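The structure under discussion appears below in the form of structure tokens.
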Amino acid sequence: MEYNFRNIEQKWQQQWQDTNAYKVSNESAKPKFYVLDMFPYPSGAGLHVGHPLGYIGSDIYSRYKRLKGFNVLHPMGYDSFGLPAEQYAIERGQHPAITTDQNIKTFRSQLDKIGFSYDWSRELRTSDPSYYKWTQWIFLKLFNSWYNRSLHKARDISNLILVFEKEGNGSVGKHGGISIFISEEWMAFNEKQQQEILMNYRLAFSSFGEVNWCEALGTVLANDEVVNGVSERGGFPVIKKKMRQWYLRITEYADRLLEGLEHVEFTESLKEQQRNWIGKSQGSEIVFDIKGVGDNKKLRVYTTRPDTIFGVDFMVIAPEHDLVPQITTPEQQEAINQYLNYVKSRSERERLTEVKQITGCFTGAYALNPFDGKEIPIWIAEYVLAGYGTGAIMAVPCGDQRDFSFANHFDIPITNIIGSYFNGSEANPTKEAVLENSGFLDGLVMKDAMEVAITRLEELGIGKRQVNYRMRDAGFSRQRYWGEPFPIVWKDGIACPLPENELPLELPYVDKYGPGHEGEGPLANITHWVNLPDGGKRETSTMPGYAGSSWYFLRYMDPFNDNEFCSRKASDYWKQVDLYIGGTEHAVGHLLYSRLWTKVLFDLGFIGHDEPYKKLLNQGMIQGSSRFVYRIMGTNEFVSFALKDNYDTHALHVDVNIVDGVILDTEAFKTSKPEYANAEFILEDGKYVCGIEVEKMSKSKFNTVNPDILVEKYGADTFRMYEMFLGPVEMSKPWDTKGIEGVHRFLRKLWRLFFDELKGKVWNTDKATDAELKVLHRTIKKIEEDTEKFSFNTAVSAFMMCVNELGELKCYKKEVLEKLLILLTPYAPHISEELWNLLGNEGRILDATFPGYDGKYLVETSKEYPVSVNGRLRTTIGISLDATQDEVEKIVLANETVQKWLEGKLPKKIIFVKNKMINMVI
RNA sequence: GCGGGUGUGGCGAAAUUGGUAGACGUAUCAGACUUAGGAUCUGACGCCGCGAGGCAUGGGGGUUCGAGUCCCUCCACCCGCACCA
């Protein structure tokens, strides 16, 4: 009887499906555990070996937790709305609903072959109306909420209206550009004015704003979807455009999003990325008078270094700053106009990439230093951003390198306030210097002077402490088709929410789902849908890809609920996701937005926790190892790697599947493409050697490896274990199929502990020896520890060692083997089930209990201790474990080899490290 | 530039956290059994050396009886962020 993995795997996968083996109940006396994979966008390209890496890790952990007695929620679904799905559909010329459905089917069948333990009954799709009904519902909650800054919590908007009616907005503070009003003023506003004011407080709000407009994609993109001035998807140019858009007021949550990072287990680098994105900076705002202009025109700058105020040699304001036209002197008008034209001609991309170039223009105006009255020239320059701080800075050339370069470039005299810390040829951003030329701050160390300066500024009423964030409110609308429609109707310029009983507002079916024109999305073309009988017009943009993924982890808890997005009972039972596995690419997108939604839902009392994920594990990316052939220019002749420099060649990707290691299968190559049919080769040692490069795994690079082929050839269990064996899950590594044989060999060796090809059944019910139990218990301990810390690669090694050792001991004992099978279940579920069954066990192995290890088999009564003299290993000596220090010394000193090294002398010190080694110092 | 991370055999990687470096697996070589082997098993396999032995965890220095592990310093690579005032 041999290991026939194909039959075994098919049989058990069918069985699991037929018996709903992995269905999970919300009612259980067991402790809960929630293991979640980042749900995929079902791309049409199919899986490559990189995709299942995290899924295998999470599957192992879920199965392990289940054996440990937990009620484990381990669901899967699809992020099926969004830009990628729509783009793919457009490329195929098919409706996204159809392509999405097809892709999901392919995806599912590929996943099923690997033997995952998902509870598929809870499957969800973000593009399903029964799901996005609740995405829309949560949007309405965001729309109907505001952030109460004194409670640090979201509150219903009705409660804000009450405050306005009673006392105006004095106590809640200015949000957006709204000025302070009192109760009477509020009552005097008409409906439209009131709604416009409320819009400045809503957590989901609409506003005209500069957005990242991508002409090629015909849509607006979020900041994190724009990389280096081009779209993340497709790499198309992105420009700024003013449009009415929806936003989420994530900036109100900046502090809580930062603070929450202290309580979750994310990697330091991921936390750092989020902190970076939020970009909190503590500083102060200072108001400067402008020479010769009225009191109503003052220059407000933002700085983190108020201590350097006496070192300010010039001011720089953003070219877009409101003051520019107001303060420019007639003499400078011409130059300023020219400069503004230049700035306008610069694309976002150029401004981002050509950062080294120093440009700017003097306005002719001067600000006045409030302490010594010094006249400070005001410049404009594109390096100062309108959107950050006040859009104006005070420049201190001796302390800031950018300011220094600017001063140098335009010959602005530099004031040195830090004495010898400034060497005249570069700025020194130190906080340790003792201030000079700094009026009342003279003699103070800079870091102490900050506090003194800001206090004085506040006393004078010309400055205040100010916290700034780099993060902006998140753009929440897309001029696209394939997304959630907004449950909003515009009436006379007022955004009216749809009543809850009209949800879901279904996405109308259209034939033309391509981009609309002039910024409006495709929905604008469906006039019968847009225009309502009462004169209202539906919002025509749709929600972005991250809408549905911001709360899906909650829906899995209660997926069939028609009355609520998730009952409080269900979310109180499952609580946070205990383990969330996925890549780092969502560090500042999905992971930030879903944290925001969770916090809002928590504030509003719909759920009981305000961080969605307890622990996040980032699986590394599996890269492709590409192979290259070198074609001699203008010929059909290919030259082997080592000889390529003798010719004028260019490198071409060659399909990794026809290369064995680095050796090209030249016959397969000839048949791979018609143009290669007559290819000729210049070989080295009779072989064609390919070049290697590690790149992202992608079809276009011919370096993808399809898991289906590996599963077909070696089985799912081998595939699962090999993916884990490659190395730590969190590390990126190039794929190499070579070693998979070793893992497959291990499973066959395991099989032979139960059945022999010739002899048949070899397992028996004899009593296990101490030596055998020792191997078993050591393995139990190791597997438990490794699985617990996600060290799946070392766990696989431990299995291999265990089977090797049992093989050497000729241990075919059921007592030992069945426990080993339980350990192995999470890693290789099919073979474990089968052997468990063949051992005559009742029930399913997935309901077994993870065995405990007995310490007595791990402890040795005596041990060979290494003995070293002055740290150098000399010999080993067997000593019983309960020997006292004195006894150890006696035994060691009596040893002949040790005596030889001591040369008759007595050691100064004998160090006896229990269970480790003995070292003597002479 | 700033932040995070990594550096160990031909290759993927281990190392109980300061205690015999290279487990486990691949690759390679040798052998056994075989009509055959891409099956199975055994052995060798960091470097130098016939050997005893010596040298080895990116380089250099330090702490320690003892360092891959801790400290200082330099170097290389990967990943984020980047005129953010």
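Proteins come first, then strands; the chains are lettered A, B, ... in the order of their sequence lines, and each starts at number 1. Quantities reported herein were computed from a predicted structural model and do not represent experimental measurements.
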*Which letters describe nucleotides 31-42 of chain B, given B = protein heavy atom under 4.0 Å from base, S = only from sugar-phosphate, - = neither?*
--------SSS-
_Could you check whether Asp756(A) and Tyr812(A), counting side-chain N and O atoms only, form a donor-acceptor pair closer than 3.5 Å?_
no
*For Pro728(A), report the nucleic acid contact type (base, sugar-phosphate, nothing); a contact means any heavy atom under 4.0 Å.*
sugar-phosphate
_RNA chain B: 5'-proximal contact among Ser797(A) and Leu726(A) (nearest heavy atom)_ = Leu726(A)
*Just how far, in rounded Å, is P of rG3(B) from CZ of Arg275(A)?*
14 Å
*Ignoring backbone atoms, establish whether Tyr388(A) has a side-chain N or O less than 4.0 Å from OP1 or OP2 of rA85(B).*
yes
*Evaluate the criterion side-chain contact (heavy atoms from CB on, under 4.5 Å) for residue pair Val312(A) and Phe314(A); output intermediate values, then yes/no.*
CA-CA 6 Å; Val312(A) 178; Phe314(A) 59 100; over 6 Å; no
*Considering only atom C1', compute the distance from rU42(B) to rU35(B) and round it to an integer number of Å.*
23 Å
_Just to be sure I understand the rule, does Asn793(A) reach a base, reach only the sugar-phosphate, or reach nothing, if contact means heavy atoms closer than 4.0 Å?_
sugar-phosphate
*Residue matched to rU63(B) through Watson-Crick or wobble contacts both under 3.5 angstrom*: none
_Go through it in stages, so that I can follow the logic: the residues are Glu382(A) and Thr359(A), the test is side chain to side chain donor-acceptor pair (under 3.5 Å), and I'd like the CA-CA distance, side-chain angles, deciding distance and then a yes or no._
CA-CA 7 Å; Glu382(A) 60 179 341; Thr359(A) 68; 3.2 Å; yes
*Protein-nucleotide distance (Lys271(A), atom NZ; rG5(B), atom P), rounded to Å*: 12 Å
_Taking the P atom in each of rU63(B) and rU16(B), what is the distance between them to the nearest angstrom?_
25 Å
*asked:* Roughly how many Å apart are rA14(B) and rU69(B), using the C1' atom of each and rounding to a whole number?
replied: 14 Å
*What interatomic distance, in whole Å, is found between P of rC29(B) and the corresponding atom of rU34(B)?*
23 Å
*asked:* Assess the residue pair Arg470(A) and Lys280(A) against the criterion (side-chain contact (heavy atoms from CB on, under 4.5 Å)); give the C-alpha distance rounded to whole Å, side-chain angles, the decisive distance to 0.1 Å, and a yes or no.
replied: CA-CA 7 Å; Arg470(A) 190 154 65 210; Lys280(A) 181 174 183 170; over 6 Å; no
*Could you check how far CZ of Phe725(A) sits from P of rA27(B), rounded to whole Å?*
12 Å
*asked:* Without decimals, in angstroms, what is the distance between Asn468(A) CG and rC83(B) P?
replied: 16 Å
*Can Lys789(A) and Glu785(A) be said to form a salt bridge (Lys or Arg N to Asp or Glu O under 4.0 Å), step by step?*
CA-CA 6 Å; Lys789(A) 61 182 189 202; Glu785(A) 285 170 357; 5.6 Å; no
_Separation of the P atoms in rG37(B) and rC45(B), to the nearest angstrom_ = 26 Å
*Taking atom P in both rG38(B) and rU26(B), what distance in whole Å separates the two?*
16 Å
*In whole angstrom, give the distance that lies between atom CG of Asp786(A) and atom P of rA13(B).*
16 Å
*Between Ala798(A) and Tyr469(A), who's closer to the 5' end of RNA chain B by nearest nucleotide?*
Ala798(A)
*Return the nearest nucleotide to the side chain of Lys733(A); candidates are rA13(B), rA85(B), rG80(B).*
rA13(B)
_How many whole angstroms separate atom CD1 of Ile278(A) from atom P of rC81(B)?_
14 Å
_Nucleotide rC78(B), atom C1' - distance to CD of Gln623(A) in whole Å_ = 9 Å
*To the nearest angstrom, how far is Glu272(A) atom CD from rG4(B) atom C1'?*
7 Å
*Scan side-chain atoms only and decide if Ser425(A) and Asn423(A) contain a donor-acceptor pair under the 3.5 Å cut-off.*
yes
*rA14(B), rU26(B), rA13(B): which one has an atom nearest the side-chain heavy atoms of Lys738(A)?*
rU26(B)
*Syn or anti for rU20(B), with syn set at within 90° of 0?*
anti
*Counting only Watson-Crick or G-U wobble pairs whose two distances fall under 3.5 Å, which nucleotide matches rC77(B)?*
rG5(B)
*rG9(B): syn or anti, with syn meaning chi within 90° of zero?*
syn
*Report which part of the nucleic acid Asn804(A) touches: base, sugar-phosphate, or nothing (heavy-atom distance under 4.0 Å, all strands).*
sugar-phosphate
*asked:* By nearest atom, which of the nucleotides rC24(B), rA15(B), rA85(B) is closest to the Met800(A) side chain?
replied: rC24(B)
*Could you walk me through whether Leu750(A) and Leu824(A) pass side-chain contact (heavy atoms from CB on, under 4.5 Å), step by step?*
CA-CA 11 Å; Leu750(A) 173 78; Leu824(A) 188 65; 3.4 Å; yes
_Donor-acceptor check, side chain of Asn369(A) to backbone of Ile309(A), threshold 3.5 angstrom: yes or no?_
yes
*To the nearest 0.5 Å, how far apart are CG in Asp313(A) and CH2 in Trp379(A)?*
12.5 Å
_rA21(B) and rA13(B), which share atom name C1', separated by this distance in whole Å_ = 13 Å
*Which value, in whole Å, describes the distance between the P atoms of nucleotides rA67(B) and rG61(B)?*
14 Å
